[in-house]
**Student:** 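Below are the structure tokens for one structure; questions will follow.
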4 protein chains.
Amino acid sequence: MARMRSPEKRKALLEAAVLEIDASGLSAPTSRIASRAGVAEGTLFTYFANKDALLNELYLELKIELYQRLNAELDPKAGLKVRTRQIWFSFLNWAIEYPQKRKVSLQLHMSNLIASNTRDQAAAKSGAVAAALSELGECAAKRGLPAEFASSSMGAMQEVAMDLIAKQPERREQLEREAFEAFWRAVQ
Amino acid sequence: MARMRSPEKRKALLEAAVLEIDASGLSAPTSRIASRAGVAEGTLFTYFANKDALLNELYLELKIELYQRLNAELDPKAGLKVRTRQIWFSFLNWAIEYPQKRKVSLQLHMSNLIASNTRDQAAAKSGAVAAALSELGECAAKRGLPAEFASSSMGAMQEVAMDLIAKQPERREQLEREAFEAFWRAVQ
Amino acid sequence: MARMRSPEKRKALLEAAVLEIDASGLSAPTSRIASRAGVAEGTLFTYFANKDALLNELYLELKIELYQRLNAELDPKAGLKVRTRQIWFSFLNWAIEYPQKRKVSLQLHMSNLIASNTRDQAAAKSGAVAAALSELGECAAKRGLPAEFASSSMGAMQEVAMDLIAKQPERREQLEREAFEAFWRAVQ
Amino acid sequence: MARMRSPEKRKALLEAAVLEIDASGLSAPTSRIASRAGVAEGTLFTYFANKDALLNELYLELKIELYQRLNAELDPKAGLKVRTRQIWFSFLNWAIEYPQKRKVSLQLHMSNLIASNTRDQAAAKSGAVAAALSELGECAAKRGLPAEFASSSMGAMQEVAMDLIAKQPERREQLEREAFEAFWRAVQ
DNA sequence: GATGAATGAGGTTTCATTCAT
DNA sequence: TATGAATGAAACCTCATTCAT
């Protein structure tokens with residue numbers, strides 16, 4: 001297993017997994033994932049030790065991709081509200097561009113299949129995003145709420161925003177903006 | 001003349017389903033559910049036509065239980081903020097008292113196993129709660145957000161509150177209060 | 001089990017069995033048979049020791065009913081061809097009048113569920129029919145064929161006639177007649 | 001590169017199916033069929049999509065085997081009676097050589113598990129046999145019987161012949177001959 | 001390394017039969 | 001006696017994983 005002969009096949013398998021899990025849930029058969037990736041059933045297991053490993057690596061990959069994007073679009077020198085807004089929009093854009101990835105990421109997050117080790121590795125990649133959210137957390141802390149309150153609320157309110165946008169895509173920009181303001185009021 | 005179908009066994013099966021699904025997800029085997037309920041494998045199917053039916057009835061039962069509680073603790077004549085706070089606390093208390101039921105209810109809600117018919121039946125039981133949330137939606141509407149924004153946000157922020165409380169149960173009361181205020185700022 | 005409280009229920013069960021087996025084959029569930037007969041699932045087993053017993057008794061009943069009819073319409077003093085023709089028409093009329101009974105009787109006959117004991121009991125009821133057929137068998141014997149040849153051929157050719165009549169019911173009379181003549185040529 | 005699906009295993013499964021169905025009827029469990037074929041339970045389903053498919057393919061295979069044999073032993077240039085006799089003996093030889101195949105073929109034929117599509121495919125293989133039987137049907141037609149009368153009668157009388165031969169195998173040749181003559185008288 | 005046939009444990013569901021009421 | 005809930009052994013089928021090629 002050591003060195004993967006073809007990183008493309010690995011990627012194809014992860015992408016196929018996203019599509020299959022989106023369609024059928026976490027019980028999507030490995031055989032379907034493999035065949036959608038265009039490889040043989042058994043090949044999947046030369047890239048991933050077992051289904052659990054595939055799921056954990058997929059989770060990590062999705063988190064890393066997202067954090068890379070968030071960090072790329074983040075100006076670390078800007079003021080807190082500006083940075084918060086940047087994160088807000090970056091995430092929403094990603095989630096709307098790749099709704100299946102977001103849905104699968106969420107399913108994996110809530111399942112009990114993702115090892116705490118994997119969760120830690122994912123968290124370690126948050127970079128400058130974490131810094132901004134922690135700064136935001138301090139505001140909340142003044143009100144007597146734990147520091148995580150801010151970031152958790154952001155995730156939660158983005159969830160809400162996405163659902164609304166999914167129903168009225170033509171109002172996307174306005175909904176993103178108004179929902180952000182609502183969120184900002186909440187954490188201030 | 002014959003042994004009558006016992007409501008206790010039905011209840012035992014639904015409760016066992018909650019525990020098993022909490023532990024293993026929606027793919028929890030019917031055999032495990034039956035055995036945890038203390039009945040034979042086949043007995044489950046005298047109470048529910050098939051696994052799907054069990055899941056749908058469970059969803060309905062959980063929703064009804066919750067709505068009954070929310071409505072019982074709701075004063076329909078009180079002002080909007082008061083009623084909103086009543087719903088907020090009632091729900092949190094239920095969710096904290098029965099974390100497994102809440103988790104299972106959520107999983108069922110997100111799955112594609114619950115028939116729209118079942119969802120409608122559940123919605124029909126919301127009673128005065130629905131009235132309060134719709135009134136709250138009108139506020140949001142003034143800001144240009146859809147009416148659902150308010151109720152969705154409530155759910156989302158309660159989610160956040162519950163996570164925090166789970167981590168610091170001794171601060172429960174304060175966290176509930178502060179999170180409510182944050183939520184209230186968001187929807188005003 | 002000794003004395004049946006209600007012969008009507010027994011009859012209802014046997015009739016229901018005919019209909020269910022006609023529809024679903026010998027694997028028709030006892031529960032469906034019982035419910036079509038308008039009695040409880042368990043009641044079936046107070047009338048028949050088990051499914052096998054039900055099937056054996058049904059076979060016997062059908063054979064007896066048929067033989068009674070054949071014998072009733074048979075004039076034992078008539079010539080051989082006349083008697084043969086009487087049997088031929090009596091049977092065809094019964095089979096066309098009760099196609100389900102005939103189909104079920106055939107299925108039971110071919111299955112390995114009917115005990116040889118049961119088959120013997122059925123054969124014992126053939127009465128004057130047997131006499132006519134055995135007389136007919138003697139003709140065949142002259143040609144070097146076993147005595148059973150005649151009766152077996154009759155059954156086989158009636159089978160053929162019924163299929164043809166099922167497809168062209170309006171030509172029933174003619175088909176019955178011509179097929180009989182063909183059969184008669186065969187055994188002469 | 002991988003192990004290829006082996007025609008031998010497929011054949012072994014079909015043969016095992018014949019034996020099991022002969023012994024226990026169409027409800028013969030797939031697990032017994034697989035184990036008699038010397039493969040694992042699941043392997044059966046790599047060769048046949050499901051039990052129904054297995055049964056349909058088995059039916060087709062049996063019909064094709066029979067028709068190939070009948071056609072191989074048939075001289076299309078011979079006179080009608082000669083050809084009819086050839087078919088008569090070919091079939092009887094096959095049926096006596098493989099009594100289980102014949103019994104299973106009959107059971108499948110009468111069941112409602114064989115798709116009309118499958119029946120059509122089987123009929124398409126009848127070749128020169130069909131021609132001879134249809135020619136024979138024309139004789140019957142002169143007597144006012146439908147064309148199928150001849151072929152149906154042949155099947156029916158062969159059925160009779162086989163039963164007799166099964167009881168007195170030592171007289172096989174004579175019984176085959178005499179029964180054929182009886183049949184021929186019937187259809188002339 | 002890649003393939004896909006082979007495996008068999010395990011999942012859902014059916015059903016003949018028993019037995020408490 | 002009549003009832004129908006309860007039982008659990010099978011039945012059919014799926015699927016993660018292994019391994020011969």
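Heavy-atom basis, side chains included; hydrogens, waters and symmetry copies ignored. So you know, we letter chains A, B, ... as the sequences are listed, proteins then strands, and number each from 1.
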**Student:** To the nearest angstrom, how far is B/Met4 atom CE from F/dA5 atom C1'?
**Tutor:** 8 Å
**Student:** Judged by each residue's nearest nucleotide on DNA chain F, which is more toward the 5′ side, A/Ser31 or C/Ala40?
**Tutor:** C/Ala40
**Student:** Using atom CG of A/Leu13 as one end and atom C1' of E/dA2 as the other, report the distance to the nearest whole Å.
**Tutor:**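 So the two atoms are 12 Å apart, to the nearest Å.
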**Student:** Figure out the CZ/P separation between B/Arg5 and F/dT3, and round it to whole Å.
**Tutor:**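 About 17 Å, once rounded to whole Å.
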**Student:** Using only atom types and a distance under 3.5 Å, with no angle test, would you say the side chain of C/Arg10 pairs donor to acceptor with the backbone of C/Phe48?
**Tutor:**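 Answer holds: no.
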**Student:** Go nucleotide by nucleotide along DNA chain E from the 5' end; which of B/Ala28 and C/Asp52 gets its closest nucleotide reached first?
**Tutor:**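 Its nucleotide being nearer the 5' end, the pick is B/Ala28.
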**Student:** Within less than 4.0 Å of OP1 or OP2 of F/dT1, is there a side-chain N or O belonging to C/Lys9?
**Tutor:**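 Checking C/Lys9 against F/dT1: no side-chain N or O falls below 4.0 Å of OP1 or OP2.
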**Student:** Between A/Ser27 and C/Gly42, which has a closest nucleotide on DNA chain F that is more 5'?
**Tutor:**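 Between the two, 5'-proximity favours C/Gly42.
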**Student:** Of all the choices, F/dA11, E/dT3, F/dT7, which nucleotide is nearest to the side chain of A/Thr43 once you look at every atom?
**Tutor:** E/dT3
**Student:** Rounded to whole Å, how long is the line connecting atom CZ of A/Phe45 with atom P of E/dT7?
**Tutor:** 18 Å
**Student:** Is there a donor-acceptor pair under 3.5 Å between the side chain of B/Asn56 and the backbone N or O of B/Asp52?
**Tutor:** yes
**Student:** Checking contacts here: which listed nucleotide (F/dC13, E/dT17, E/dC15) is nearest the side-chain heavy atoms of D/Asn50?
**Tutor:** F/dC13
**Student:** D/Thr46 side chain to D/Thr43 main-chain N or O, any donor-acceptor pair under 3.5 Å?
**Tutor:** yes
**Student:** May I ask you to say what B/Tyr47 touches in the nucleic acid, namely base, sugar-phosphate or nothing, with a heavy-atom cut-off under 4.0 Å?
**Tutor:**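 Answer is sugar-phosphate: B/Tyr47 comes under 4.0 Å of backbone atoms only.
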**Student:** So, does A/Thr30 get its side chain near the phosphate of F/dC15, meaning an N or O under 4.0 Å from OP1 or OP2?
**Tutor:**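 Answer is no, no contact under 4.0 Å.
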**Student:** Side-chain N or O of C/Thr46 less than 4.0 angstrom from OP1 or OP2 on F/dT1?
**Tutor:**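 No, outside the criterion.
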**Student:** Can you establish whether the number of heavy atoms outside B/Arg36 located under 6.0 Å from its atom CZ is more than 12?
**Tutor:**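 More than 12 within 6.0 Å, yes.
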**Student:** What is the distance, rounded to the nearest whole Å, between atom CG of B/Leu44 and atom C1' of E/dT14?
**Tutor:** 14 Å
**Student:** What is the base-pairing partner of E/dT7, counting Watson-Crick and G-U wobble geometry with both distances under 3.5 Å?
**Tutor:** F/dA16
**Student:** Mark yes or no for whether A/Arg102, through its side chain, and A/Glu97, through its backbone, hold a donor-acceptor pair below 3.5 Å.
**Tutor:**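 Side chain of A/Arg102 to backbone of A/Glu97, a donor-acceptor pair under 3.5 Å: no, none is there.
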**Student:** Could you tell me the separation between the CD1 atom of C/Ile33 and the C1' atom of E/dC15, rounded to a whole number of Å?
**Tutor:**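 Distance, rounded to whole Å: 12 Å.
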**Student:** Counting side-chain heavy atoms from CB outward, which of E/dG4, F/dA5, F/dT14 is closest to A/Glu41?
**Tutor:**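 Of all the options, the side chain of A/Glu41 is nearest to E/dG4.
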**Student:** Using whole Å, report how far CZ of A/Arg32 lies from P of F/dC15.
**Tutor:**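 After rounding, the gap between these two atoms is 8 Å.
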**Student:** Start at the 5' end of DNA chain E and walk down; is the nucleotide closest to A/Gly38 or to B/Lys51 reached first?
**Tutor:** A/Gly38
**Student:** From CG of A/Leu54 over to P of F/dT17, roughly how many Å is that when rounded to an integer?
**Tutor:** 10 Å
